[in-house]
There are 2 protein chains.
Amino acid sequence: MPSRGSNRLSGQSNDQGEGTPVAAAPKRRRVGKVEIATDLRNQIVRGDLGEGDQLPTEAALIDRYGTSRNTVREGLAILVGEGLVVAKRPHGYFVRDGHRMEYRPQSDLTVRPDDVPKDVFLTELADAGRTPTQTIDVAIVRPPADVAARLGLSDDEHAVVRRRVRFLEGAPYMTNDSYFPLTLAQGTAIMSPEDIARGANRVLADAGHVQVRAVDEFTIRMPTPDEQHRLALGPGTPVARQFTTGYDRHGKALRVAITILPGDRHTIVIDRPGLPDPEAEPS
Amino acid sequence: MPSRGSNRLSGQSNDQGEGTPVAAAPKRRRVGKVEIATDLRNQIVRGDLGEGDQLPTEAALIDRYGTSRNTVREGLAILVGEGLVVAKRPHGYFVRDGHRMEYRPQSDLTVRPDDVPKDVFLTELADAGRTPTQTIDVAIVRPPADVAARLGLSDDEHAVVRRRVRFLEGAPYMTNDSYFPLTLAQGTAIMSPEDIARGANRVLADAGHVQVRAVDEFTIRMPTPDEQHRLALGPGTPVARQFTTGYDRHGKALRVAITILPGDRHTIVIDRPGLPDPEAEPS
DNA sequence: CAGTGGTCTAGACCACACC
DNA sequence: GTGTGGTCTAGACCACTGG
């Protein structure tokens, strides 16, 4: 394949791509996994292979590149690791779908007026013709250390956790584990493994604990085996772990939520109206 | 109430691991890549192997598990793909470092008073004893389709892009490519590949284009080969691609910035003070 | 039953950093 | 040199799904 093209407009970080040394002289490079991956990747980004299209089978690639099966598989593994391609067991390799839904964290966390007990997930999506569902289970636990620290709980204090898995069209969409200090949640609707139409924050607010501020911490990483399982994640699918801490007006933490968002299903949108100016650009 | 709450069938946490069926009977499972990965992963999460520690060499693992070298390598590849482990070429496999720096988009995005042209990246970090540096290059380009769409540019219109790579202690930290409509940036300091102490937004504001709102879109995915190269990313390192669009008071897009944040180096922190206090004023 | 990818073995040669 | 991981070959058997 001569189409080593790349050639970016105007001097830029070109040259990448190869993955292996530059090789100033076009020395008859043996075809290896990198070449196979690069070749197939180019076909995908160029659009020769569109989303959902099937790649050639391993056997066909062995044929085309004249390498051993392992080398072909390693080349494919590169693309799988990049999240570009997925192997569907006895059918073949396919180009992955790039479609993502919008996820707006603030919608979930803003306390709403009593007369608008809207559940963004369940109602808005249903309105849009989707079929959202969710499972909820509730437990009293010793919270993980990072949760305990943010809730200001000591080692022997307990928390209530509401674990939710949300699905769209039957496919896992995100998980959300919300922790509340047991002292706050005790005896409220939070303890019940049912949907809380008005929202858990409303429940707390009615009890005098009004959340007025929230801090989100997003960590980007590969999923744990646990998360891969709960969310049915394919290989090469990273997640965002959103750690939300809600505070009342005195700075006391009322709630910590851990949301796991599969990278292949979401775009996280944060609208910042009124904020004069993005990027004061340093430098 | 067991702190372990999950009665759920598989799906749940718990020492998954097998990767294969339940195996009600402790049938002498052959040791495969999954078992090797699980075993080593457990040692890491339990702390038997701490950050920076070296794992046994491949040869030692072949010995320990009695499998072929390829199987051992596949087991290790699982951990590498999870971002838990990194192979340092002729030295061995090591447990990766979990430290992440805070990244606060809003700090970068708020317009500051003219007399405080503080560069968050260059000054704050320097104050903290770190040594931040950056490279800048400027080009006039046809913006990518998604950028052009947000800037409201037609196919034949051009944009100015300021491409920055920021380093900390010499290691790449993030990239930031900011696009401006050529008509706005023409003849301003934005065209110069120098640091703009007061910030590009200030430059635009001084020209009458005041940015009053910004929208961030975060996409979580595996890096392209290009990004792997620019940011010196190890395998198993996902990135967040932050797409920031800044608008003036008329809703006209002034700027689009694409920031690539390596997942292993950042925690993205978003502080949301002043959430509506329902007691105070609904809606 | 045929064809796909998934797993594993056994062996070989290479590049590279360190002693 | 020695030992590390990186790459590649050649062949084998398995599990699953669809025709």
Side-chain angles (χ1 to χ4, degrees), chain A residues 18-24 27-40 52-81 84-96 225 228 232 234-236, chain B residues 17-23 27-40 49 52-81 84-96 225 228 234-236:
Chain A
E18 251 42 26
T20 10
V22 279
K27 190 59 178 301
R28 207 197 141 315
R29 275 193 63 63
R30 199 173 74 275
V31 172
K33 61 174 181 179
V34 175
E35 287 71 30
I36 295 175
T38 303
D39 190 23
L40 292 173
D53 284 359
Q54 178 170 6
L55 274 67
T57 65
E58 292 182 353
L61 294 173
I62 292 168
D63 230 43
R64 174 189 302 182
Y65 297 108
T67 68
S68 74
R69 188 180 167 209
N70 258 334
T71 301
V72 162
R73 283 178 58 78
E74 283 170 358
L76 289 165
I78 291 175
L79 301 182
V80 170
L84 282 179
V85 157
V86 64
K88 298 186 179 177
R89 223 338 183 132
H91 300 298
Y93 292 86
F94 296 83
V95 180
R96 276 180 78 161
Q228 289 176 33
Chain B
E18 247 42 25
T20 10
V22 282
K27 192 60 177 302
R28 239 188 113 331
R29 273 193 64 64
R30 199 174 77 276
V31 172
K33 61 174 182 179
V34 175
E35 286 72 30
I36 296 176
T38 303
D39 191 22
L40 292 172
L49 287 167
D53 284 358
Q54 178 170 7
L55 275 66
T57 64
E58 292 183 353
L61 294 173
I62 292 168
D63 231 43
R64 174 188 303 182
Y65 297 108
T67 68
S68 73
R69 188 181 169 210
N70 258 333
T71 301
V72 162
R73 283 178 58 77
E74 283 170 359
L76 289 165
I78 291 174
L79 301 181
V80 170
L84 282 179
V85 157
V86 63
K88 298 186 179 178
R89 202 22 154 114
H91 300 296
Y93 292 86
F94 296 82
V95 180
R96 277 181 79 163
Q228 290 176 32

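Naming convention: chains lettered A, B, ... in sequence-line order (proteins, then strands); numbering from 1 in each chain. Treat the numbers as computed from the prediction; the structure is a model and nothing was measured.
For B/Val85 against B/Leu55, the heavy-atom pair with the smallest separation is CG2-CD2, 3.9 Å. When all heavy atoms of B/Leu79 and B/Ala37 are compared, the closest pair comes out as CD2-O, 3.6 Å. The shortest heavy-atom contact between B/Arg64 and B/Pro56 is NH2-CG, 3.5 Å.
Taking only side-chain nitrogens and oxygens, A/His91 comes nearer than 4.0 Å to OP1 or OP2 of D/dG18.
At distances below 3.5 Å, at least one donor-acceptor pair connects side-chain atoms of A/Gln54 with backbone N or O atoms of A/His91.
The residue among A/Gly66 and A/Arg69 whose nearest nucleotide of DNA chain D is located toward the 5' end is A/Gly66.
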Note to self: Walk me through whether A/Leu40 and A/Leu84 qualify under side chain to side chain contact (heavy atoms under 4.5 Å, CB included).
What the structure shows: CA-CA 10 Å; A/Leu40 292 173; A/Leu84 282 179; over 6 Å; no
Next item on the list: Just do the side chain to side chain contact (heavy atoms under 4.5 Å, CB included) check on A/Asp39 and A/Tyr65 with the steps written out, would you?
Entry: CA-CA 10 Å; A/Asp39 190 23; A/Tyr65 297 108; 2.6 Å; yes
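The OG1 atom of B/Thr67 lies 4.0 Å from the CD1 atom of B/Ile36; values are rounded to the nearest 0.5 Å.
Taking the side chain as every heavy atom from C-beta outward, B/Thr71 and B/Val31 never approach each other to under 4.5 Å.
Put simply, chain B comes within 4.0 Å of DNA chain C, heavy atom to any atom, from C/dT7 to C/dC18, going 5' to 3'.
Rounding to whole angstrom units, CZ of residue A/Arg89 and P of D/dC16 are separated by 7 Å.
DNA chain C is contacted by A/Thr57, A/Glu58 of residues 53-63 of chain A, taking any non-hydrogen atom closer than 4.0 Å.
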